[in-house]
Undergrad: 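One structure follows; several queries about it will come next.
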Protein chains: 2
Amino acid sequence: MTGSERGPRERMVFSAAQLIRRGGVTATGMRDVAAHAGAPRGSLQYYFPGGKEQMVNEAVGWAGRYAGNRVARFLAALPEPTPAGLFAAMVGQWTDEFLASGYDAGCPVAAATVDCAGTSAATRSAAAAAFATWTGPVAGALEEMGVPAGRAPALATLMISAIEGAIVIARAERDVRALTTVARELGPLLDASVVPPG
Amino acid sequence: MTGSERGPRERMVFSAAQLIRRGGVTATGMRDVAAHAGAPRGSLQYYFPGGKEQMVNEAVGWAGRYAGNRVARFLAALPEPTPAGLFAAMVGQWTDEFLASGYDAGCPVAAATVDCAGTSAATRSAAAAAFATWTGPVAGALEEMGVPAGRAPALATLMISAIEGAIVIARAERDVRALTTVARELGPLLDASVVPPG
DNA sequence: ATAACGCTATGACAGCCGTCATAATAGACC
DNA sequence: GGTCTATTATGACGGCTGTCATAGCGTTAT
């Protein structure tokens, strides 16, 4: 997740996501992004002729792709794949980060939605797309574990909703309690939705 | 929820919550709040000597109290109180508002957390308190319905986490799908946690 | 009448914001 | 060398921000 050793453009997109995660979209200045990425200020209007909105949208897209890709890795790391195990891994990524690095950073997609849903149609759409590229792999994984195809997308949405909400509560409380709670309470429900093959 | 017919101070707190709901904390200017409340600009530094932070914190507190009070009303309106019924009512409040008034406004507590958790300890604390004054009545209601006392707070946290997350997704998608989904998928789990008396 | 008090009015301050215009640099290719 | 392209540098613009200082009004109380 270090995002170093890439081109200055990619570094800026990554830095934008990182700063949006912390203070929200409005509090994130373009000059701050360039500085955080170690990129020259003059590159801003060169790489992002669409202005701040373009930069924010790309950061949101990056975050969505990042979350989607993580699903496959979580799956591969599980000794035996179960829905509850996948959910615990997704939650664990957040509890680990909170406990290790503090509660200053949340989900950039949620931050962009909260700050821009009412003002920028493009950013709102980018956020919806990001949620879709996150929910898709989760639903696919559930299906592979034996969850009926008609149920998997709904459960994936439930999982991500619970995580997003628990992230917010955890940041407010400075405690991972909400995250561990949703993992514990939701796990049995998820595993119970698996239909044995045959 | 109209907040009219109150003193100018209360109107400003209410207006602050209303504007924060839409654009986030950083995008909400104090002059905007006064204008939205129909209050004179000169009253800002008189009623809120603690500056913007004080105003935001009071708006967050107001929102928490509002959400907490709604729980008792939902309960009273239910023909026969069940956990799934309460949850459906809580979700229904949001789906109704989204369908009637559009997707421009979310939860002010979540917005304040996303925007200020890393920068203002007081606001972060106010958000945590708001979540507590919301979760408390929900847990109490569950308990009265027969949910074991040891389980009720956890389920209340799960309910609110799922709602908060679904609100964000719904706003991004401009669709109540996420909200109706969590209500449908979580309802049976909640009702199943009721232990018959005896 | 005079004083006190609750509230409002107004203007200014420094600072940051996104955006634009324009010039300068550096390297590659012919 | 000349030319073209890719990238960067720099400065300025208008506008908005939260905050402060200070004066003003209108009512009430003494």
Side-chain angles (χ1 to χ4, degrees), chain A residues 5-60 108 111-112 114-116 118-124 126, chain B residues 5-60 108 111-112 114-116 118-124 126:
Chain A
E5 305 305 330
R6 305 234 178 253
R9 215 198 107 104
E10 286 191 39
R11 288 208 317 272
M12 282 199 264
V13 172
F14 170 81
S15 288
Q18 211 66 18
L19 293 181
I20 290 169
R21 256 157 69 76
R22 288 174 160 73
V25 170
T26 318
T28 299
M30 311 209 69
R31 294 167 169 88
D32 302 338
V33 172
H36 183 277
R41 179 164 88 81
S43 300
L44 282 172
Q45 72 175 301
Y46 179 76
Y47 287 119
F48 305 97
K52 185 178 186 177
E53 190 179 50
Q54 178 188 359
M55 200 177 66
V56 171
N57 295 353
E58 296 200 21
V60 168
V114 164
D115 283 350
C116 307
T119 52
S120 163
T123 301
R124 182 204 56 71
Chain B
E5 306 305 332
R6 305 236 178 251
R9 214 198 106 104
E10 287 191 38
R11 288 209 316 274
M12 282 200 263
V13 172
F14 170 81
S15 287
Q18 212 64 20
L19 293 181
I20 291 170
R21 255 156 69 76
R22 288 175 160 72
V25 171
T26 318
T28 299
M30 312 209 67
R31 293 167 170 88
D32 301 339
V33 172
H36 183 275
R41 179 164 88 81
S43 300
L44 282 172
Q45 72 174 304
Y46 179 76
Y47 287 119
F48 306 96
K52 183 176 186 178
E53 190 178 50
Q54 179 189 358
M55 199 178 64
V56 170
N57 295 353
E58 296 201 22
V60 168
V114 163
D115 283 349
C116 307
T119 53
S120 164
T123 301
R124 182 203 56 73

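All chains are named by letter (A, B, ...) in the order of the sequence lines, taking the proteins before the strands, and each is independently numbered beginning at 1.
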Undergrad: Using only side-chain N and O atoms of A/Ser43, determine if any of them is under 4.0 Å from OP1 or OP2 of D/dT7.
TA: no
Undergrad: Knowing that exactly one of B/Glu53, B/Met12, B/Arg9 qualifies, which makes a side-chain contact (heavy atoms from CB on, under 4.5 Å) with B/Glu58?
TA: B/Arg9
Undergrad: Rounding to an integer number of Å, can you tell me how far B/Leu44 CG sits from D/dT19 P?
TA: 10 Å
Undergrad: Which distance, rounded to the nearest 0.5 Å, do you find between the CD of B/Gln18 and the CG of B/Asp32?
TA: 14.0 Å
Undergrad: Using whole Å, what does the distance between atom C1' of nucleotide D/dT19 and atom CG of B/Asp32 come to?
TA: 16 Å
Undergrad: Atom pairs under 3.5 Å, N or O on each side, protein against nucleotides 12-14 of chain D: can you list them with distances?
TA:
from: D/dA12; atom 1: N6; to: A/Arg31; atom 2: NH2; distance (Å): 3.3

Undergrad: So which atom in B/Pro108 and which in B/Ala17 form the shortest heavy-atom distance, rounded to 0.1 Å?
TA: CB-O, 3.8 Å
Undergrad: Once you apply a heavy-atom cut-off of 4.0 Å, does A/Thr28 come out as touching a base, just sugar-phosphate, or nothing?
TA: sugar-phosphate
Undergrad: Once you round it to whole Å, what is the distance between C1' of D/dC20 and CZ of B/Phe48?
TA: 18 Å
Undergrad: Please report the interatomic distance OH(A/Tyr47) to CD(A/Gln54), rounded to the nearest 0.5 Å.
TA: 12.5 Å
Undergrad: Given that A/Val25 and B/Gly42 both sit by DNA chain C, which one's nearest nucleotide is further toward the 5' end?
TA: B/Gly42
Undergrad: When you compare the protein's N or O atoms with those of nucleotides 25-28 of chain D, which come within less than 3.5 Å of each other, and at what distance?
TA:
none

Undergrad: Nearest whole angstrom, please: distance from the P of D/dT7 to the CZ of A/Arg11.
TA: 13 Å
Undergrad: If you round to the nearest 0.5 Å, how far is CE of A/Met55 from CE of A/Met30?
TA: 3.5 Å
Undergrad: Could you tell me whether a side-chain N or O of B/Asp115 sits under 3.5 Å from a main-chain N or O of B/Val25, the two making a donor and an acceptor?
TA: yes
Undergrad: Calculate, to the nearest 0.5 Å, the distance between atoms NZ and CG belonging to A/Lys52 and A/Asn57 respectively.
TA: 11.5 Å
Undergrad: Does any N or O in the side chain of B/Arg6 come within less than 3.5 Å of the main-chain N or O of B/Arg11, such that one atom is a donor and the other an acceptor?
TA: no
Undergrad: On a heavy-atom basis, which atom in B/Ala112 and which in B/Ile20 lie closest, and how many Å separate them?
TA: N-CG2, 4.5 Å
Undergrad: Atom OH of B/Tyr46 to atom C1' of C/dT8: distance rounded to whole Å?
TA: 10 Å
Undergrad: Give every pair of a protein N or O atom and an N or O atom of nucleotides 21-25 of chain C that lie under 3.5 Å apart, one pair per line with the distance.
TA:
from: C/dA21; atom 1: N6; to: A/Gln45; atom 2: NE2; distance (Å): 2.5

Undergrad: Could you state the CD-C1' distance from B/Glu53 to D/dG18, rounded to the nearest angstrom?
TA: 12 Å
Undergrad: Taking all heavy atoms of A/Gly23 and all of B/Thr26, pick out the closest pair and write down the distance.
TA: O-OG1, 4.3 Å
Undergrad: Please state how far atom OH in B/Tyr47 lies from atom C1' in C/dC5, giving the value in whole angstrom units.
TA: 13 Å
Undergrad: At what distance, to the nearest 0.5 angstrom, does CZ of B/Arg22 lie from OG1 of B/Thr28?
TA: 10.0 Å
Undergrad: Rounded to whole Å, please give me the gap between CE in A/Met30 and P in C/dG18.
TA: 7 Å
